[in-house]
Amino acid sequence: MSNQANEPAKTYDPQSFEPAISDQWVNSDAFRPGLDADEHYSITLPPPNVTGSLHMGHAFSDTIQDILIRWQRMQGKSVLWQLGLDHAGIATQMVVERQLDAQGAHRRDLGREKFVEKVWEWKAESGGVILGQMKRLGLSLDWSRERFTMDESSSSAVREVFVRLYEEGLIYRGKRLVNWDPVLETAVSDLEVVYDEEQGHFWHIQYPHADDPSRHVIVATTRPETMLGDGAVAVHPDDARYRDLIGKELILPLCNRTIPVIADDYVDPEFGTGCVKITPAHDFNDYEVGRRHGLAVINIFTDRAHINDDAVIPEQYRGLDRYEARERMVADLEAEGLLYKVEDHTHKVGRGDRSHAVIEPYLTDQWYVAIQELADPAIKAVEDGNIRFVPQHWEKTYFEWMRNIQDWCISRQLWWGHRIPAWYCADCEHITVDRGTPEYCGGCGSRQIRQDEDVLDTWFSSGLWPFSTLGWPESTREMENFYSTNVLVTGFDIIFFWVARMIMMGMKFTGRVPFKDIYIHALIRDAQGQKMSKSKGNVIDPLEIIDAYGADALRFTLAHMATPGRDVKLDVKRIESNRNFMNKIWNASRFVFMNRGDAQPDVNVKPSSDVNRWILTELDRTAREVEQALTGYRFNEAAGTLYNFIWGIYCDWYVEAAKVSLYKDDAAARAETQIVMLTALDGWLRLLHPICPFITEALFQELHGPDARLVTADWIGTYAGDAKAVSRMNRVMEVVTAIRSIRGEMNVSPAKKVVARISANDAVRAELESQQKVLMSLARLESLEWLAEGADVEGAAVAPLADAIVFLPLAGLVDVAEELARIEKNLVKVGKDVAVLEGRLSNRKFVDSAPEAVVAGVRSDLEENRSRLEELKAAEVRLKSLG
RNA sequence: GGGCGCUUAGCUCAGUUGGUAGAGCACCGCCCUUACAAGGCGGUGGCCGCAGGUUCGAGUCCUGCAGCGCCCACCA
């Protein structure tokens, strides 16, 4: 922004000032929490993944948080918005692996240490991009407190938590089936598997009886290769068809071994043939069946889902990829006449949410958190209202998951992440779990110990984030002042992944809730309602939008669309129209500056004119509405209220009305208007600041000088208010609108000044007459004459109002036929209103049981519309006699 | 199978305790009125998904149905 000698540019150009203001904020450390406030407020920014750059969803979520943060800071509180980034285990490792792949390399070529170095390099790059984006968005994060989920403070919190849980027996190591991603070669949690309908096949295979190979049972499977690991065929115990078979042996085709027929309730006799092959090592249900019946668990895969060389597996299939093996086995079954039939079959297939590889249930050793003991207090915290979901219905989703929660598999076979702080001993079975780096086995004292190769699920460290960033496990001043945080702002897609885990970990380790409110916002979609994704090519990059329309326009749009509980379809047109709003603000302010004279805003101003008293009253009302909206997380209402006030009231009416005294009146009136228009501007700039920080800061500096900073909202809402001024101005606006309406419908040029006559009683006339200059200016009148109540005017267009009748003589304006048509249109409209109102009043029950105020309202509406109707009828008669 | 959400103007969506339906965009008119054409003024446009119920009164509360979407669990 320029010094005061230069006027602001005629057109809003955010690029000319947003970056400079952003620099001012960052360089002056403007967003460090103040030290001298009694009240504290804090939000932990959900740390973005260092997988690239921020997308529109981040911009949305971050804008909402910034609005809250700036608003609270302007209330004079000590505010911390904690900044950080997430290492995002799998996701980030994949990004770097893909980069290596493009160079024809693999992480194994580099080795673990070199690979992790590469990821750190990438982290620096991606993190830099992300922080740059945040600054362009105008986020008021405390830049001095940047954290990372793998920095030292986070790591020590992670080790502390792991060790404590282990010592309490809540972390354990177990061999069981996990969801295995054969491409990434790691276990993933249940949540990281996404199921989708896919086209597949249903292979019906004959399993011959061992004692009579001419007979057989038919089993159906979608994964025929798993029969290599079959341990049994199961039937329902009550299924008469197979009762005799239970306990007998079947020949497992292709495998040259026999398996028993077992009976288990798990089998649905209605489905398929009622015979199910049981493969304990490769199906979660089968695993349970196998356990009940003591079946052998035969693992048939390698880590990459190739067939392994277990002794029971026929040699010809060993080493084959799972799908190659499937093909070969189906062909072999067919050749042996054991393939009964093949059906097309649509079924759900689980794929890794990152790799999209088909997930295999796979038997491995993993680390688990015994979750129930952590879940119970976390459920209770929400039940008791110590944590509140906004919108509230999300608590149902939360409860549903939490009440059916499974132990959490926390180990991942990755290289990027927190190494599990457990060491295995070469000389004994003891596992040493330690906060530091132990040198010998805690069991036998042997120095032959080796750390677990695996890393922790990325959500393990994110789960500690609200307190690990504040110095926990030390008891720091930050913990004291800013924990519990006030609100978590996030999307519903990570309620289980992250929100639930933070609550569990927070309750467990701090004994307090990590946040009091959880504001769940919607997902951002494109204009067609599609989820934005790189593969679809429909992502809207926030930076491109900011470059084109400015950060404020984007932020205002996002705030305006932040309706709780519905997905946001982001249409660039919407951003464009809000850019136009910014332009409106820019130019209205420019007008104010051009006409300010020597005046300064004065929050104690006590203006005498109705126009000035009215605008300050309206500003006050707006301030209360904005405050209520923000308090209730109704961002769309806050934005809408400001839009309506700034554009619809301040610009459309106040500035136009103010021109009368700025241009024509005496010096005293002019000076008062200058002060009030500046004061009101100052007020709504502050109100708008949390949503649109750049333009408001720029204009604030124009208003108060280049060193001024918009930091408080303290004085807003202190004006006493003047209901009389408001009602007078409403009357004026009603008259002006009526005249404009006639002019508009009659296509009278705005340049043409017209004569108006108004009939009204003395009281109404006095009110309107006090604003005569304003009225004439806004309605573009050449002259205004006052008529006695009940007077008629021949040959005039008529607009009957609540307490007055406006006549616009037609001579030279329009023809009689046109006005007649307009009158008749209005007659129909008003006639309908009258009929409806009469109907309501003639209903005894309504009159008896509705509140007094409502009935009175209807009565006065009816009265008003009746007289309006009379006037229109009279006007119709007069016009017809003319024509 | 269980749960949740949505259905309002041509399009995208507001509508906080029930009290005669709103915005933006689009469209149609008149305007370069000395802040703004990224603008001003006026206007057209809606059985608020369907069917019941509660109520003097329902877009708003209750029940059922339909369509769309999401989440969870899953029959091999």
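Labels below follow one simple rule: chain letters A, B, ... track the order of the sequence lines, proteins then strands, and each chain is numbered from 1. Atom set for the values below is all heavy atoms of this structure, side chains included, hydrogens, waters and symmetry mates excluded.
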Where along nucleotides 21-26 of chain B does protein come under 4.0 Å, by heavy atom, of base (B) or sugar-phosphate alone (S), with - for untouched nucleotides?
-> ---SS-

With a 4.0 Å cut-off on heavy atoms, is A/Lys832 in touch with a base, just the backbone sugar-phosphate, or nothing at all?
-> nothing

Partner of A/Phe389 under ring-ring contact (aromatic ring centres under 6.0 Å, His included), chosen from A/Tyr398, A/Phe399, A/Tyr633, A/Trp394 = A/Tyr398

Nearest-0.5 Å distance, CD1 of residue A/Ile278 to CG of residue A/Asp283 = 7.5 Å

Donor/acceptor link under 3.5 angstrom from A/Glu400 side chain onto base of B/rA73 = no

Side-chain N or O of A/Ser849 less than 4.0 angstrom from OP1 or OP2 on B/rG57?
-> no

Would the A/Tyr12 and A/Tyr549 ring centres measure less than 6.0 Å apart?
-> no

Just checking A/Glu395: base, sugar-phosphate only, or nothing, at a heavy-atom cut-off of under 4.0 Å?
-> nothing

Indicate yes or no: at least one non-hydrogen side-chain atom of A/Phe497 is less than 4.5 angstrom from one of A/Glu192.
-> yes

In dot-bracket notation, what is the pairing pattern of RNA chain B, taking Watson-Crick (N1-N3 plus N6-O4 or O6-N4) and G-U wobble (N1-O2 and O6-N3) contacts under 3.5 Å, with [ ] crossing and | for other strands?
-> (((((((..((((.....[..)))).(((((.......))))).....(((((..]....))))))))))))....

Which part of the nucleic acid, if any, lies within contact of A/Asp861, taking any heavy atom under 4.0 Å across all strands shown: a base, the sugar-phosphate backbone alone, or nothing?
-> base

Phosphate contact (B/rG40 OP1 or OP2) by A/Lys584 side-chain N/O below 4.0 Å = yes

Describe the nucleic acid contact of A/Thr279 in one word from base, sugar-phosphate, nothing, applying a heavy-atom distance below 4.0 Å.
-> nothing

Any A/Lys569 side-chain N or O less than 4.0 Å from OP1/OP2 of B/rC13 = yes

Using 4.0 Å as the upper bound for N to carboxylate O, is an ion pair formed by A/Lys573 and A/Asp571?
-> no

Would you indicate what A/Cys651 reaches in the nucleic acid, counting non-hydrogen atoms under 4.0 angstrom: base, sugar-phosphate, or nothing?
-> base

